[in-house]
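Here the structure is laid out as structure tokens; the discussion comes afterwards.
Small disclaimer: the values here were computed from a predicted structure and weren't measured. Below, each value reflects all heavy atoms present in this structure, side chains not excepted, and no hydrogens, waters or symmetry copies. Lettering follows sequence order; numbering is per chain, from 1.
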Amino acid sequence: MSVQKPSIPQGTRDFGPAVVARRTYIFGVIRRVFEKFGYAPLETPTLENLSVLTGKYGEEGDQLLFKVLNSGNFLKKQKGDVIKEQVTADDLLAGAKAVLPKIAEKGLRYDLTVPFARYVVMNRGTLVFPFKRYQIQPVWRADRPQRGRYREFYQCDADVVGTDSLLCEAEIVLMMSEVLTSLGLTDHTIKINHRRVLGAFYQALGGEGTEVDLFTAIDKLDKIGREGVGKELAERGFSAEATEKLFDLLGVAGSFDEKLDRLLAAFVTAGVEPDGADGYQGLQDLRRVLEYLRGFGFEKWDNLEFDVTLARGLSYYTGCIFEIKINNVNMGSVSGGGRYDNLTGAFGLPGVSGVGFSFGVDRLYDCLEELSLFPEAVAATTRCLIANFDAESETAVLPVLRRLRAAGVATELYPESTKLAKQFKYADGKGIPYLLLQGSEERAAGQFKLKTLATGQEQTLTLDEVLTELAG
RNA sequence: GUAGAUAUAGCUCAGCUGGUUAGAGCGUCGGAUUGUGAUUCCGAAGGUCGUGGGUUCGAGCCCCAUUAUUUACCCCA
């Protein structure tokens with residue numbers, strides 16, 4: 001048998017001990033915040049039926065789904081003597097779209113929102129509404145990997161279903177802010193916008209082109225600039241006048257409040273039809289969120305921006321939309337979310353509103369790494385290594401090992417009697433801060449030598465003193 | 001799906017217009033040192049130069065193909 005070079009699939013990664021420790025740290029911060037806000041954990045299967053997944057993410061999304069081949073002989077089914085062809089020649093002629101449903105009925109989870117919606121519908125009878133859940137699990141996308149983009153990555157979702165209250169939106173801002181602050185990512189911008197504000201732009205331009213074309217162009221403003229957006233809009237059938245008008249609207253400046261006021265005036269001037277009870281729903285919603293935040297005593301106003309160019313999740317978001325950008329790192333958004341009025345409609349439960357958002361842990365990790373924001377202590381595993389001198393010392397030190405562990409000190413005994421240099425290197429390489437030595441000399445005196453590797457300091461102590469030192 | 005870049009030791013990379021036996025640092029292992037790491041000194045192991053073809057007297061280097069990785073676009077966390 002030939003030896004093969006081991007490899008892992010494109011866009012996937014192994015996580016070594018140090019990386020896992022750091023990832024666990026991020027998960028912990030996020031989980032604590034989610035739970036503090038009253039969200040309860042949910043886990044769903046890695047595999048979903050393809051019927052659940054397809055059609056939920058648009059055409060592009062369907063292509064990015066990982067499909068799982070049916071197990072067994074997916075070409076034929078045999079029952080007794082009757083053999084039934086699963087895939088016929090006609091199917092093959094008809095192409096991949098005809099063949100796929102016959103050979104694959106399962107797929108890997110693409111995000112956490114759709115499985116959540118499915119779960120809500122399946123369990124609607126037993127859930128207490130409004131239902132608040134968080135979910136921290138990997139998702140898979142058959143995308144081309146690049147910076148900050150992987151084929152397997154973790155999302156941390158928090159969503160509420162069964163309420164229209166804008167309190168939820170305000171709390172999302174609070175949770176985002178708290179997580180980022182806890183992680184030390186202080187130079188961030190939480191961007192907020194509203195789908196209906198975008199809709200009002202479309203109306204103000206006089207109904208040229210299509211909404212989606214307009215919104216995707218708007219979203220690129222900070223990336224390709226006015227010129228690029230103008231060019232793209234022209235190609236999509238927007239007149240130069242409309243584009244000019246759009247830039248006037250997008251150029252709205254000032255504080256959150258001022259932008260709301262100025263847009264209101266602009267919409268009235270442009271003759272945009274009010275879509276809310278008494279005015280423009282998008283602006284009203286945003287104002288309400290703002291009021292909630294003031295009521296909460298939110299303080300990080302510099303990190304919150306009403307960004308009228310923010311457009312995302314166009315195929316399903318209907319209300320407020322969110323995104324987080326870490327400013328001092330070149331990285332795509334580390335979090336995004338929004339409200340969808342008809343989350344569960346596709347599964348036969350219409351009229352249930354949901355709002356939620358998601359952190360991308362892998363991108364957060366990359367940001368923290370780049371900014372060196374991981375706390376030192378996160379990497380620590382074993383706290384104390386007991387040196388192994390010889391067979392006699394190995395035996396003598398076993399009760400010590402037990403006592404240290406009983407006291408809650410992560411301790412290991414080097415498993416072989418070998419030269420101390422090697423044992424030191426082991427401790428050093430593993431980042432173990434303390435080395436405990438008891439050779440024949442110390443044993444005769446009933447004492448131990450405790451060495452702090454970082455400083456090279458050595459203390460001669462009794463076991464009780466060692467315990468006090470290490471437990472602290 | 002579209003376009004570019006890269007592929008040489010376990011890791012990071014040198015390698016001249018194509019020219020004898022393929023180089024360094026780090027790491028690993030052994031020794032100086034049978035009770036002291038990270039710092040010192042000496043030594044050793046480790047490579048079908050991604051893969052398959054081609055050009056050439058001769059290819060790590062040039063050409064073609066292929067695979068993998070990576071960056072950007074689209075889209076997204």
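- Distance noted for atom C1' between U67(B) and G52(B): 10 Å (whole Å).
- C76(B) atom P lies 14 Å from atom CD of Gln63(A), rounded to whole Å.
- No contact: Gly429(A) has no heavy atom under 4.0 Å from any strand.
- Annotation: U12(B) and U55(B) have their P atoms spaced 35 Å apart (nearest Å).
- Across the protein-nucleic acid pair, Ile224(A) atom CD1 and C74(B) atom C1' stand 12 Å apart, rounded to whole Å.
- Only the C1' atoms considered, C49(B) is 15 Å distant from G18(B), to the nearest whole Å.
- Leu435(A) places its CG atom 11 Å from the P atom of G37(B), with the value rounded to the nearest Å.
- Map Leu453(A) and Ser335(A) each onto its nearest nucleotide of RNA chain B; the residue landing nearer the 5' end is Leu453(A).
- Between the CZ atom of Arg443(A) and the P atom of G35(B) there is a distance of 13 Å, rounded to whole Å.
- A sub-4.0 Å separation between OP1 or OP2 of G31(B) and a side-chain N or O of Lys419(A) is present.
- G60(B): no Watson-Crick or G-U partner with both key distances under 3.5 Å is found in any strand.
- If you check every strand for non-hydrogen atoms under 4.0 Å, Gly58(A) touches nothing.
- The separation of G47(B) from G10(B), taken at their C1' atoms, amounts to 12 Å, rounded to a whole angstrom.
- For C73(B), one of the phosphate oxygens OP1 or OP2 lies less than 4.0 angstrom from a side-chain nitrogen or oxygen of Lys223(A).
- Across all strands shown, Ser358(A) has no heavy atoms under 4.0 Å from either base or sugar-phosphate atoms.
- Side chain to side chain, Glu171(A) and Tyr39(A) fail the donor-acceptor criterion of an N or O pair below 3.5 Å.
- The nucleotide A24(B) finds its pairing partner in U12(B), both defining distances of the Watson-Crick or G-U wobble pair being shorter than 3.5 Å.
- Both geometric conditions, a ring-centre gap below 5.5 Å and a plane tilt below 30°, are fulfilled for Phe153(A) over the base of A77(B).
- Within 4.0 Å (heavy atoms only), Phe389(A) reaches at least one base atom of the nucleic acid.
- With both pairing distances under 3.5 Å, G35(B) is matched to nothing as a Watson-Crick or G-U wobble pair.
- One finds the CZ atom of Arg144(A) at 11.5 Å from the CG atom of Leu64(A) (value rounded to the nearest 0.5 Å).
- The partner of C73(B), taking Watson-Crick or G-U wobble pairs whose two distances both stay under 3.5 Å, is G1(B).
- Of the side-chain N and O atoms in Lys220(A), one or more sit less than 4.0 angstrom from OP1 or OP2 of C75(B).
- To the nearest 0.5 Å, the span separating OH on Tyr154(A) from CZ on Arg23(A) amounts to 6.5 Å.
- Residue Leu310(A) contributes atom CG, which lies 14 Å from atom C1' of A77(B) at whole-angstrom precision.
- Of the candidate nucleotides A3(B), C29(B), G31(B), A3(B) has the atom lying nearest to any side-chain atom of Arg144(A).
- Salt-bridge annotation for Asp62(A) and Lys67(A): absent, with no side-chain N of the basic residue lying under 4.0 Å from a carboxylate O of the acidic one.
- Rounded to whole Å, the separation between the C1' atoms of U6(B) and U66(B) comes to 16 Å.
- For Lys430(A), no side-chain nitrogen or oxygen approaches OP1 or OP2 of G37(B) to under 4.0 Å.
- Distances shown here put every side-chain N or O of Gln146(A) at or beyond 4.0 Å from the OP1 or OP2 atom of U70(B).
- Note on Lys325(A) versus Glu305(A): no salt bridge recorded, every NZ/NE/NH1/NH2 to OD/OE distance being 4.0 Å or above.
- Tyr150(A) comes within 4.0 angstrom of a base, heavy atoms only.
- The one candidate from Lys56(A), Glu48(A), Arg109(A) that meets the side-chain contact (heavy atoms from CB on, under 4.5 Å) condition with Val114(A) is Lys56(A).
- The interatomic distance linking Tyr414(A) (OH) with U36(B) (P) rounds to 16 Å, in whole Å.
- Residue Glu35(A) holds its CD atom at 3.5 Å from OH of Tyr134(A), rounded to the nearest 0.5 Å.
- In this structure, the NZ atom of Lys425(A) is 10 Å from the C1' atom of G30(B), given to the nearest Å.
- Gly439(A) comes within 4.0 angstrom of a base, heavy atoms only.
- Listed nucleotides G35(B), G37(B), C74(B) differ in distance to Glu441(A); the shortest reach to its side chain belongs to G35(B).
- Straight-line distance from the CG atom of Leu65(A) to the C1' atom of C75(B): 14 Å, rounded to whole Å.
- Between the side chain of Gln423(A) and the base of U36(B), no donor-acceptor pair under 3.5 Å is found.
- Here, U17(B) and C64(B) have their C1' atoms 22 Å apart, quoted to the whole Å.
- Contact annotation for Ala421(A): backbone-only contact, meaning every heavy-atom pair under 4.0 Å involves sugar-phosphate atoms and none involves a base.
- Among the heavy atoms of the strands lying under 4.0 Å from Glu442(A) is at least one base atom, whether or not backbone atoms are also near.
- Contacts of Arg363(A) with the nucleic acid, taken as non-hydrogen atoms under 4.0 Å apart, include base atoms.
- Across all strands shown, C49(B) remains unpaired; no Watson-Crick or G-U wobble contact has both distances below 3.5 Å.
- Distance noted for atom C1' between U69(B) and U8(B): 15 Å (whole Å).
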Test Glu394(A) against Asn388(A) for side chain to side chain donor-acceptor pair (under 3.5 Å), laying out the working first. CA-CA 6 Å; Glu394(A) 183 181 87; Asn388(A) 193 331; 2.7 Å; yes
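- If Leu420(A) and Gly360(A) are placed on RNA chain B by their nearest nucleotide, the residue sitting closer to the 5' end is Leu420(A).
- Base-pair partner of G30(B): C42(B) (Watson-Crick or G-U wobble, both distances under 3.5 Å).
- Between the side chain of Arg141(A) and the base of C76(B), no donor-acceptor pair of N or O atoms lies under 3.5 Å.
- Atom P of G25(B) sits at a distance of 38 Å from the matching atom of G4(B), rounded to the whole Å.
- Within 4.0 Å of Gln10(A), counting heavy atoms only, lie sugar-phosphate atoms of the nucleic acid but no base atom.
- For Phe374(A) and Tyr365(A), the ring centers are positioned less than 6.0 Å apart.
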